[in-house]
Q: 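This is the structure I want to talk about, given as structure tokens.
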Amino acid sequence: LCEYRRPESGAVTDPVMLLALVNALKVKMPGCPIMIAEADATSLDADSAFRYMSIDQVAKETGTTLFNVSKSERVETPLPDGIIFNKTCLPCVLGEGTLYVNFTKLKVNSGTKITGCLKNNYALIKDKNKAQYHPVVEEAIRDINLALGRTGVRLMCIIDGFIGMETMGGPAFGRPKKCGLVLGSVDPVAVDTCEARVIGMRPRSIKHLLLCAQAGLGSMRYLLSTDIPNFRYEDYKFRFEFVQYWLRQKLKKHAGIGL
């Protein structure tokens with residue numbers, strides 16, 4: 001939930017898709033408690049976003065719990081091989097054996113080219129003002145995913161592309177694009193690599209994706225399995241203004257501005 005937007009915008013979690021996911025989890029793991037989690041962001045309060053986007057209705061219908069990550073207890077752990085952070089402070093619920101379902105959107109991102117599961121974990125950074133890390137966002141994404149990988153959680157990574165988002169207005173104010181896709185993997189690097197190819201970008205041109213692969217957080221090589229007849233990546237290519245992106249990156253680099 002990156003902004004106060006409606007699901008038809010392609011910017012935020014669709015409560016219909018979330019309802020289907022929660023019900024599927026309840027069938028597969030009967031009796032297991034399920035929490036729907038989100039964190040506060042620079043311009044977003046998770047609790048009010050739950051209400052505005054009808055996520056609270058999903059929780060009510062399924063008997064699950066809403067969980068504001070920003071208000072949860074955390075445990076501080078060292079990260080000696082971090083690039084930006086030498087320690088992290090992750091929520092205590094992300095412990096050994098927990099199934100962490102990373103449910104994100106198929107979107108372009110004006111700062112990192114794609115959103116995806118790796119970028120989605122940026123929300124786990126403790127600070128509400130996460131914009132302060134935008135000048136080094138790729139390295140911050142790598143560090144927070146490295147810390148998460150050491151908690152012992154089990155990962156399930158799902159990218160909702162039923163309605164995605166294209167153009168440099170992403171991740172919040174781009175143009176919605178209906179794709180009818182859902183991508184999934186237990187490997188966040190692999191699923192984000194697949195997302196990049198669907199969008200029409202070279203995976204190795206996406207810095208945080210490359211950093212996470214180099215850190216051993218997953219593989220950029222994967223075997224595609226699909227139920228879509230005659231599937232072709234090029235059929236879903238997203239619009240993205242690469243020149244505008246390049247100019248923004250140059251400005252960010254030389255002026256130290258978080259965009």
Q: Counting distance only, does the side-chain N/O of Lys128 pair as donor-acceptor with the main-chain N or O of Ala41 below 3.5 Å?
A: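 Pair found, side chain donor or acceptor close to backbone of Ala41.
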Q: Before you tell me yes or no, could you show the steps for Lys107 and Cys2 under side-chain contact (heavy atoms from CB on, under 4.5 Å), namely the whole-Å CA-CA distance, both residues' side-chain angles and the distance that decides it to 0.1 Å?
A: CA-CA 11 Å; Lys107 301 188 292 184; Cys2 63; 3.5 Å; yes
Q: Calculate, to the nearest 0.5 Å, the distance between atoms CE and SG belonging to Met220 and Cys194 respectively.
A: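 The SG atom of Cys194 is 12.0 Å from CE of Met220, to the nearest 0.5 Å.
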Q: Of the non-hydrogen atoms in Val153 and Leu94, which two are nearest, and what is the gap between them?
A: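 Smallest interatomic distance, heavy atoms only, reads CG1-C, 3.6 Å.
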Q: Find out whether Glu3 and Ser43 are in side-chain contact, i.e. whether some heavy atom of one side chain is under 4.5 Å from a heavy atom of the other.
A: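 Yes - at least one pair of side-chain heavy atoms lies under 4.5 Å apart.
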Q: Heavy atoms only: give me the nearest Leu118-Asp192 pair and the separation to one decimal.
A: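 That would be N-OD2, 2.9 Å.
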Q: Any donor-acceptor pair under 3.5 Å linking the side chain of Ser110 with the backbone of Gly170?
A: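 Yes; at least one donor-acceptor contact below 3.5 Å.
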Q: Which distance, rounded to the nearest 0.5 Å, do you find between the NZ of Lys207 and the SG of Cys212?
A: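 Spacing of NZ (Lys207) from SG (Cys212) equals 12.0 Å.
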Q: Looking at Tyr52, does the NZ or CZ of Arg6 lie under 6.0 angstrom from its six-membered ring centre and within 45 degrees of the ring axis?
A: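 The answer is yes, since Arg6 meets both limits relative to Tyr52.
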Q: Going by an N to O cut-off under 4.0 Å, is there a salt bridge joining Lys237 and Glu166?
A: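 Result for this pair is no, no salt bridge flagged.
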Q: Heavy atoms only: give me the nearest Pro171-Thr115 pair and the separation to one decimal.
A: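 Answer, listing the atom of Pro171 first, then Thr115: CB-OG1, 3.8 Å.
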Q: Kindly assign one of parallel, tilted or perpendicular to the pair Tyr245 and Phe240, based on the angle between their ring planes and the thresholds 30° and 60°.
A: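 Geometry flag for Phe240 against Tyr245: tilted rings.
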Q: Atom CE in Met156, atom CZ in Phe103: separation rounded to 0.5 Å?
A: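 Met156 CE to Phe103 CZ: 11.5 Å, rounded to 0.5 Å.
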Q: Within a radius of less than 6.0 Å around NZ of Lys126, do more than 12 heavy atoms belonging to other residues, nucleotides or ligands occur?
A: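 It does not: Lys126 NZ has 12 such atoms or fewer within range.
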Q: Salt bridge check: are Arg232 and Glu234 linked by an N-O gap of less than 4.0 Å?
A: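 Salt bridge between Arg232 and Glu234, a charged N being under 4.0 Å from a carboxylate O: yes.
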Q: For Arg221, enumerate each residue passing the side chain to side chain contact (heavy atoms under 4.5 Å, CB included) test, keeping only those at least two apart in sequence or located in another chain.
A: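 Residues passing side chain to side chain contact (heavy atoms under 4.5 Å, CB included) with Arg221: Ser219.
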Q: Run the side-chain contact (heavy atoms from CB on, under 4.5 Å) test on His208 and Tyr122 for me, step by step, so that the C-alpha distance in whole Å, both residues' side-chain angles and the decisive distance to 0.1 Å come before the verdict.
A: CA-CA 11 Å; His208 72 269; Tyr122 187 72; over 6 Å; no
Q: Ignoring hydrogens and angles, tell me if any N or O in the side chain of Asp187 forms a donor-acceptor pair with the backbone of Val189 under 3.5 Å.
A: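 A pair under 3.5 Å: yes.
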Q: Any donor-acceptor pair under 3.5 Å linking the side chain of Lys105 with the backbone of Ile163?
A: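 Yes.
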Q: Check whether any side-chain heavy atom of Ser185 sits under 4.5 Å from a side-chain heavy atom of Tyr222, and report yes or no.
A: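 The answer is no, as the side chains (C-beta and beyond) never meet within the 4.5 Å cut-off.
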Q: Decide side-chain contact (heavy atoms from CB on, under 4.5 Å) for Met17 and Val182; before the verdict, give the C-alpha distance in whole Å, the side-chain angles of both, and the deciding distance to 0.1 Å.
A: CA-CA 10 Å; Met17 299 293 285; Val182 176; 3.8 Å; yes
Q: For a side-chain contact (heavy atoms from CB on, under 4.5 Å) with Thr64, tell me which candidate from Val22, Leu18, Leu25 qualifies.
A: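 It is Val22, the one option of Val22, Leu18, Leu25 that forms the side-chain contact (heavy atoms from CB on, under 4.5 Å) with Thr64.
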Q: Rounded to the nearest 0.5 Å, how far apart are OG1 of Thr151 and CG of Leu148?
A: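 Result: 4.5 Å between the selected atoms.
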Q: With distance as the sole test, does Lys130 use its side chain to make a donor-acceptor pair with the main-chain N or O of Asp40 at under 3.5 Å?
A: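 Between the backbone of Asp40 and the side chain of Lys130 there is a qualifying donor-acceptor contact (under 3.5 Å).
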Q: So, do Leu99 and Met29 sit near enough that their side-chain heavy atoms are less than 4.5 Å apart?
A: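 They are in side-chain contact.
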Q: Mind running side-chain contact (heavy atoms from CB on, under 4.5 Å) on Cys179 and Leu106 for me, showing each step along the way?
A: CA-CA 9 Å; Cys179 300; Leu106 182 67; 4.2 Å; yes
Q: Out of curiosity, does Leu21 fall in the hydrophobic cluster containing Val12 (side-chain heavy atoms, cut-off under 4.5 Å, transitive links)?
A: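 Result: yes, single cluster for both.
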Q: If you group Ile, Leu, Val, Met, Phe, Trp and Tyr by side-chain heavy-atom gaps below 4.5 Å, do Val101 and Val58 land in one group?
A: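 Cluster IDs for Val101 and Val58 match.
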Q: Looking at every non-hydrogen atom in both residues, tell me the closest pair between Ala11 and Met165 and how far apart they are.
A: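 In this case the closest contact between Ala11 and Met165 is CB-CE, 3.6 Å.
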Q: Taking everything shown except Arg204 itself, do over 12 heavy atoms lie less than 6.0 Å from its CZ?
A: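 Open: at most 12 neighbouring heavy atoms sit under 6.0 Å from CZ of Arg204.
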Q: Rounded to the nearest 0.5 Å, how far does OG1 of Thr193 lie from CE of Met201?
A: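 Nearest 0.5 Å value for the CE-OG1 distance: 13.5 Å.
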Q: So, for Ala131 and Thr42, which heavy atoms are closest and what is the spacing to 0.1 Å?
A: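 For Ala131 and Thr42, the tightest heavy-atom pair comes out as N-OG1, 3.2 Å.
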Q: So does Ala172 get a backbone contact from the side chain of Arg5, meaning a donor-acceptor N/O pair under 3.5 Å?
A: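 Yes; judged by distance alone, with no hydrogens or angles, the pair exists.
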Q: Kindly determine whether Lys113 and Ser205 satisfy side-chain hydrogen bond (donor to acceptor under 3.5 Å, both in side chains), including the steps that lead there.
A: CA-CA 9 Å; Lys113 291 190 177 178; Ser205 74; 3.1 Å; yes
Q: Could you tell me which residues satisfy side chain to side chain contact (heavy atoms under 4.5 Å, CB included) with Asp227, sequence neighbours excluded, listed by chain and number?
A: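 By the side chain to side chain contact (heavy atoms under 4.5 Å, CB included) rule, Asp227 matches no residue at all.
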Q: With side chains defined as the heavy atoms from C-beta onward, is the minimum distance between Val93 and Tyr100 less than 4.5 Å?
A: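 Side-chain contact under 4.5 Å: no.
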Q: Cys117 and side-chain contact (heavy atoms from CB on, under 4.5 Å): which partner among Leu155, Asn145, Ile159?
A: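 In the set Leu155, Asn145, Ile159, the residue that makes a side-chain contact (heavy atoms from CB on, under 4.5 Å) with Cys117 is Ile159.
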Q: Examine distances only and state if a side-chain atom of Thr88 and a backbone atom of Leu90 form a donor-acceptor pair shorter than 3.5 Å.
A: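 Checked: no pair found.
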Q: Which atom pair, heavy atoms only, marks the closest approach of Leu79 to Arg150?
A: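 Minimum heavy-atom separation between Leu79 and Arg150: CD1-NH1, 3.5 Å.
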Q: Go through the steps for Glu138 and Thr112 under the test side-chain hydrogen bond (donor to acceptor under 3.5 Å, both in side chains), then give the verdict.
A: CA-CA 7 Å; Glu138 292 94 350; Thr112 57; over 6 Å; no
Q: Tell me whether Leu217 is reachable from Leu210 by hopping between hydrophobic residues (I, L, V, M, F, W, Y) whose side-chain heavy atoms are closer than 4.5 Å.
A: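 Yes: a chain of side-chain contacts under 4.5 Å links Leu210 to Leu217.
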Q: Please examine the side chains of Ile141 and Tyr133, heavy atoms only from C-beta on, and report whether any two atoms are closer than 4.5 Å.
A: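 Side chain of Tyr133 against side chain of Ile141, heavy atoms only: no contact under 4.5 Å found.
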Q: Hydrophobic cluster membership, with links at side-chain heavy-atom distances under 4.5 Å among I/L/V/M/F/W/Y: are Ile83 and Leu209 in one?
A: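 Yes, because Ile83 and Leu209 connect within a single hydrophobic cluster, where side-chain heavy atoms sit under 4.5 Å apart.
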Q: Do you reckon Tyr236 sits in the same ILVMFWY cluster as Leu224, going by side-chain contacts under 4.5 Å, direct or chained?
A: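 Shared cluster, yes.
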Q: Do Ile114 and Lys119 touch side chain to side chain, with heavy atoms closer than 4.5 Å?
A: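 Heavy-atom side-chain distance check fails, nothing below 4.5 Å.
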Q: Are Phe162 and Lys178 side-chain neighbours, meaning at least one heavy-atom pair lies under 4.5 Å?
A: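 Yes, close enough: below the 4.5 Å cut-off.
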Q: Please tell me if the side chains of Glu241 and Thr167 come closer than 4.5 Å, counting only heavy atoms from C-beta onward.
A: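 Yes, their side chains come closer than 4.5 Å.
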